[in-house]
Amino acid sequence: MHVLILGGTTEARRLAELLVAGLPAGSRVTSSLAGRVARPKLPPGEVRVGGFGGADGLADWLRAHRVHALIDATHPFAGTITFNAAAAAAAAHVPLLMLRRPGWVPGDGDDWHPVGSLEEAAAALPALGRRVFLTTGRMGLAAFAGLDDLWFLMRSVDAPEPPCPARMETLLDRGPFTLEGERELLRRHRVDVLVTKDSGGAATAPKLTAAREAGVPVVVVRRPPVPAGGAVAGSPEEAAAWLRDQLSG
């Protein structure tokens with residue numbers, strides 16, 4: 001049994017842990033990372049870094065390495081690889097599972113402003129605040145580069161590259177984040193609007209609670225579409241159970 005995990009997320013690492021410990025002896029678990037983070041947390045098992053060359057290249061890799069199951073556990077906003085995975089799995093006749101953490105849901109007291117893209121988020125900001133906590137990652141900062149009247153605190157794992165907003169402070173940090181830490185960050189930087197992608201999960205959710213408590217509006221970028229149909233799991237444990245069903249079948 002050879003399982004390929006398209007990873008880079010907390011859930012992907014946890015799934016690799018479960019499979020390395022739980023699959024029959026002689027099984028292989030390979031995690032593929034995109035290589036966009038300089039020092040990623042490596043999962044157990046085999047690891048490869050870099051792209052495949054599109055859907056055709058991934059299909060060729062699945063065949064050449066005799067992959068029995070493909071699990072797409074990439075970030076919810078990694079839209080291209082998700083569609084490539086669906087096409088490659090179909091071409092190579094390999095079972096495919098999408099592992100997607102549930103999205104966030106607003107609660108009582110939340111002031112959320114859903115948008116469809118980073119560009120729409122940038123357009124919404126001037127009417128909502130002047131000091132922006134930007135937590136959408138270092139990719140796509142060009143969408144905010146023209147907002148010279150606003151100040152940005154941008155948090156990401158690695159340093160960003162231009163174009164960036166003219167008035168921007170960079171905070172290099174990696175989750176999980178605590179509620180107390182997020183409260184202090186909003187207070188210290190006098191943040192009056194938060195921008196985030198609907199990544200879901202608990203590791204970065206405390207910022208939403210802190211924003212609610214402080215009455216800070218939140219611009220939430222909706223998730224991109226995913227291929228229709230196919231198997232979906234909401235947790236690493238569900239994904240491991242799906243794989244056990246594949247083995248028994």
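- Considering only heavy atoms from C-beta on, F52 stays 4.5 Å or farther from D60 through its side chain.
- At a threshold of 4.5 Å between non-hydrogen side-chain atoms, the residues L4 and W61 count as touching.
- Of all heavy-atom pairs between A85 and D72, the closest is CB-CB, 4.5 Å.
- Using a distance-only test at 3.5 Å, with no hydrogens or angles considered, no donor-acceptor pair links the side chain of W112 to the main chain of V220.
- Using a 4.5 Å cut-off between side-chain heavy atoms of Ile, Leu, Val, Met, Phe, Trp and Tyr, with links allowed through other members, V67 and L96 fall into the same hydrophobic cluster.
- Closest non-hydrogen pair, R13 versus G8, comes out as NH1-O, 4.3 Å.
- At least one side-chain heavy atom of L134 sits less than 4.5 Å from a side-chain heavy atom of L141.
- Note: L208 CG to E213 CD = 11.5 Å, rounded to the nearest 0.5 Å.
- A salt bridge does not link R212 with D111: every distance from a Lys NZ or Arg NE/NH1/NH2 to an Asp or Glu carboxylate oxygen is 4.0 Å or more.
- One hydrophobic cluster, built from ILVMFWY side chains closer than 4.5 Å, cannot hold both M154 and L171; they sit in different ones.
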Test side chain to side chain contact (heavy atoms under 4.5 Å, CB included) applied to T204 and F177, step by step: CA-CA 6 Å; T204 59; F177 302 105; 3.9 Å; yes

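- Contact of the L125 side chain with the F152 side chain is registered, since non-hydrogen atoms from C-beta on lie closer than 4.5 Å.
- Taking both residues in full, the closest heavy atoms of P236 and L15 are given as O-CD1, 3.6 Å, listed atom of the first, atom of the second, then distance.
- Using a 4.0 Å cut-off between charged side-chain N and carboxylate O, R187 and E182 make no salt bridge.
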Candidate pair F133 and L186, rule side chain to side chain contact (heavy atoms under 4.5 Å, CB included), full reasoning: CA-CA 8 Å; F133 184 22; L186 295 185; 3.8 Å; yes

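- Among D192, V216, L153, the single residue meeting the side chain to side chain contact (heavy atoms under 4.5 Å, CB included) criterion with R131 is D192.
- Proximity of R28 to E46: side-chain heavy atoms (C-beta onward) are separated by under 4.5 Å at one or more points.
- In the hydrophobic clustering of ILVMFWY residues, with side-chain heavy atoms under 4.5 Å counting as a link, L62 and I81 come out together.
- Tracing side-chain contacts under 4.5 Å through hydrophobic residues (I, L, V, M, F, W, Y), one never reaches V3 starting from L6; they form parts of separate clusters.
- A salt bridge links E11 to R101: at least one charged side-chain nitrogen sits closer than 4.0 Å to a carboxylate oxygen.
- Side-chain contact, S27 with H2: no donor N or O sits under 3.5 Å from an acceptor N or O.
- A donor-acceptor contact under 3.5 angstrom links the side chains of H75 and S199, judged on distance only.
- Here I5 contributes atom CD1 and L99 contributes atom CG; the two are 9.0 Å apart, rounded to the nearest 0.5 Å.
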Candidate pair V191 and V132, rule side chain to side chain contact (heavy atoms under 4.5 Å, CB included), full reasoning: CA-CA 6 Å; V191 169; V132 184; over 6 Å; no

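- Proximity of L243 to L19: side-chain heavy atoms (C-beta onward) are separated by under 4.5 Å at one or more points.
- By the 4.0 Å N-to-carboxylate-O rule, R14 lies close enough to E237 to be salt-bridged with it.
- Taking both residues in full, the closest heavy atoms of A91 and R63 are given as O-NH2, 3.3 Å, listed atom of the first, atom of the second, then distance.
- For D56, the CG atom sits in a loose shell: 12 or fewer heavy atoms of surrounding residues, nucleotides or ligands are nearer than 6.0 Å.
- Between the side chain of E120 and the main chain of G116, a donor-acceptor pair closer than 3.5 Å is present.
- The shortest distance between side-chain heavy atoms of H113 and V218 does not fall below 4.5 Å.
- Listed here is the closest heavy atom pair of K197 and L118: CE-CD2, 4.3 Å.
- More than 12 heavy atoms of other residues, nucleotides or ligands shown are found within 6.0 angstrom of CZ on R188.
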Pair R167-L150, side chain to side chain contact (heavy atoms under 4.5 Å, CB included): steps then yes or no: CA-CA 7 Å; R167 302 171 61 207; L150 306 186; 5.7 Å; no

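- Side-chain contact between V219 and T196: absent, with no pair of heavy atoms (C-beta onward) separated by less than 4.5 Å.
- For the residue pair R155 / T135, no side-chain donor-acceptor distance below 3.5 Å is found, with atom types taken as modelled.
- For R190, the CZ atom is loosely surrounded, since the number of other residues' heavy atoms within 6.0 Å does not exceed 12.
- Ion pairing between a basic and an acidic side chain is recognised when a charged N comes within 4.0 Å of a carboxylate O; R222 and D198 show no such pairing.
- One distance of note links CZ of R138 with CD of E161; it measures 6.0 Å at 0.5 Å rounding.
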R100 and T82: CA distance, side-chain angles, deciding distance, side chain to side chain donor-acceptor pair (under 3.5 Å) verdict: CA-CA 11 Å; R100 288 291 182 271; T82 292; 2.5 Å; yes

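- Atom-to-atom distance recorded for W151:CH2 and H189:NE2 is 5.5 Å, nearest 0.5 angstrom.
- Residues V221 and F77 share a closest heavy-atom pair of O-CZ, 3.3 Å.
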